[in-house]
Structure formats: C-alpha cells, structure tokens
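See below for the structure under consideration.
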Amino acid sequence: MNRVIPWLRALQLSAALVVIYLTLKLIQSQVMGTASAITRFASCSGVFGLISAVLGLWSLLSTYLDPLTPVLFDVLAGILFLAGGIASALALYGIDNCNLYDEMLHSPLLNEGSTGSGSDRRYGVVAKHDDESRVFRKLRTNCRRAQVGMTFQFISLAIVTGLLVLAYRQRKRAKAMAVGVLRYAAD
C-alpha cells in the first residue's frame, strides 16, 4: 500500500468537511425562500465527498470492500466536485473580489433570498434597521464563504484525481506482477 494514500484520504475528508460547513452556513443564513440550487448542490457534493473519503479510509483498514468500490465513489465525487466548482465559479463570475455591492446584492447565491420585483424588490440580507455598510459586510461574508467553498471543491477535485491516479498505478503494477508470476510459473 502506498503511504501517501491515507494522508490523501484524510485531506479529502478535511476538504469535504470544509465544503459542507461553508455551504451549510450559506444555507443557514437564507432568510427568504430556499437557498440557491448551486449552494445546495455544493453541499451535496461535499457530503458525497465525505462518504467517499470515509469509504476510502475504511477500505484501507478492511478487506470487506471490493478494491474497485472506493475508486467508483472517487470518480463520482470528482464529477460532482467538478460540476459544483464550475457552477459556483460561473455564479460568482463578475463579482470582483467581493467588493462590488450591487453585483453581490443581486446574486441569488449571496443575497439570502429576495421577494418582489423592480423597485419593490426586498432582499433577505437587508434587515429592518441595517445601514448600507452592515449590509455590505454581510454580503462580503457570504461572498467569501462562497469563494472559499468553490476553492475547496476544486481542491477536493485535485485530491480525488490524485487518488485515482495512484489507484490506476497500483492496479497496473499489480497486473504486471501477476503476469510476471504467471510467466515464471510457466517456465
């Protein structure tokens, strides 16, 4: 067994927990309506990454699992992290380093929900007695959470990709060793 794999699994577990925590904080801060589909999808990808990490750690300690099972879960987790990261990146596109008030206010990912339309539009991030600077701080906090969550989805994708490369190399090496043993036995 490669000595790097348990450390990568622990890192995968930590990154998935960060994604879950940040997305749940964004969902929890929702005031009007339901959270954005992108935020909910990112939360689900984090949970699936957590399941994949736990399953991978369990497969290192146990012989009950088929060695291909964690690989399949890693492939699915990688696809979910890629999709969630791209969706978050597109949703945050145009919000320059969490400094543009209007863009953040109109982003359904950050504004904690909204009702109405036009001049009657109300946003969940704006409480009854909040001034503009307090609203800006809330938006910036949500924006930073969304950006860090997106970043950790891409980090999780990189970790899963590394695990898949290591699994492929181990499988290839085991297959080559089996062929060598069969050749030796035939001689």
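Quick note: numbers below take in every heavy atom, side chains included, and nothing from hydrogens, waters or symmetry partners. Remember, predicted model here, so these are calculated numbers, not experimental data.
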Here the gap from Phe81 atom CZ to Phe152 atom CZ, rounded to the nearest 0.5 Å, amounts to 11.0 Å

Which pairs pass side-chain hydrogen bond (donor to acceptor under 3.5 Å, both in side chains) with one or both residues in residues 13-35, sequence neighbours excluded? none

Inter-residue atom distance Arg9.CZ - Leu163.CG, 0.5 Å rounding: 4.5 Å

Minimal non-hydrogen separation, Phe48 against Leu76, with atom names: CE2-CB, 3.5 Å

Atom CD1 of Ile5 and atom OG of Ser59: how far apart are they, to the nearest 0.5 Å? 8.5 Å

Starting from Val31 and following side-chain heavy-atom contacts under 4.5 Å between hydrophobic residues (I, L, V, M, F, W, Y), which residues can be reached? Met32

Partner of Leu50 by side chain to side chain contact (heavy atoms under 4.5 Å, CB included), out of Val19, Leu55, Leu17: Leu17

Hydrophobic cluster identity match, Phe136 and Leu100, side-chain contacts under 4.5 Å: no

Any donor-acceptor pair under 3.5 Å from Ser107 side chain to Glu103 backbone: no

Any side-chain heavy-atom pair from Leu80 and Phe41 closer than 4.5 angstrom? yes

Does the plane of the ring in Trp58 sit parallel, tilted or perpendicular to the ring in Tyr64? Use 30° and 60° as the thresholds. tilted

Value for NZ (Lys138) from OG (Ser133), rounded to nearest 0.5 Å, stands at 11.0 Å

Partners of Arg134 by salt bridge (Lys or Arg N to Asp or Glu O under 4.0 Å), sequence neighbours excluded? Asp130

Test of understanding: with side chain to side chain donor-acceptor pair (under 3.5 Å), list the residues that count as partners of Arg140, not counting sequence neighbours. Asn99

Going by the disulfide (SG to SG under 2.5 Å) test, which pairs reach into residues 33-82, not counting sequence neighbours? none

Does the side-chain contact (heavy atoms from CB on, under 4.5 Å) test come out yes or no for Val160 and Leu8, once each step is laid out? CA-CA 8 Å; Val160 167; Leu8 283 176; over 6 Å; no

Identify the heavy atoms of Ile38 and Ala91 that sit nearest to each other, and give their distance. CD1-CB, 3.5 Å

Smallest heavy-atom separation, Arg144 atom then Cys98 atom, equals N-SG, 3.7 Å

Side-chain contact test, heavy atoms from C-beta onward, threshold under 4.5 Å: evaluate it for Ile79 versus Leu82 and give yes or no. no

If every non-hydrogen atom of Cys143 is compared with every non-hydrogen atom of Ile95, which pair is closest and at what distance? SG-CG2, 3.8 Å

Any chance you could measure Asn142, atom CG, to Leu109, atom CG, to the nearest 0.5 Å? 8.5 Å

By side chain to side chain donor-acceptor pair (under 3.5 Å) - contacts of Ser52 (at least two apart): Gln12, Asp74

Any idea which heavy atoms bring Gln153 and Ala42 closest together, and the distance? NE2-CB, 3.2 Å

Before you tell me yes or no, could you show the steps for Val135 and Tyr101 under side-chain contact (heavy atoms from CB on, under 4.5 Å), namely the whole-Å CA-CA distance, both residues' side-chain angles and the distance that decides it to 0.1 Å? CA-CA 9 Å; Val135 171; Tyr101 178 81; 3.5 Å; yes

Linked, directly or transitively: Leu105 and Leu26 (ILVMFWY side chains, under 4.5 Å): no

Ile86 versus Phe154, closest heavy-atom pair with distance: N-CZ, 3.7 Å

To the closest 0.5 Å, what do you measure between CG (Leu22) and OG1 (Thr39)? 11.0 Å

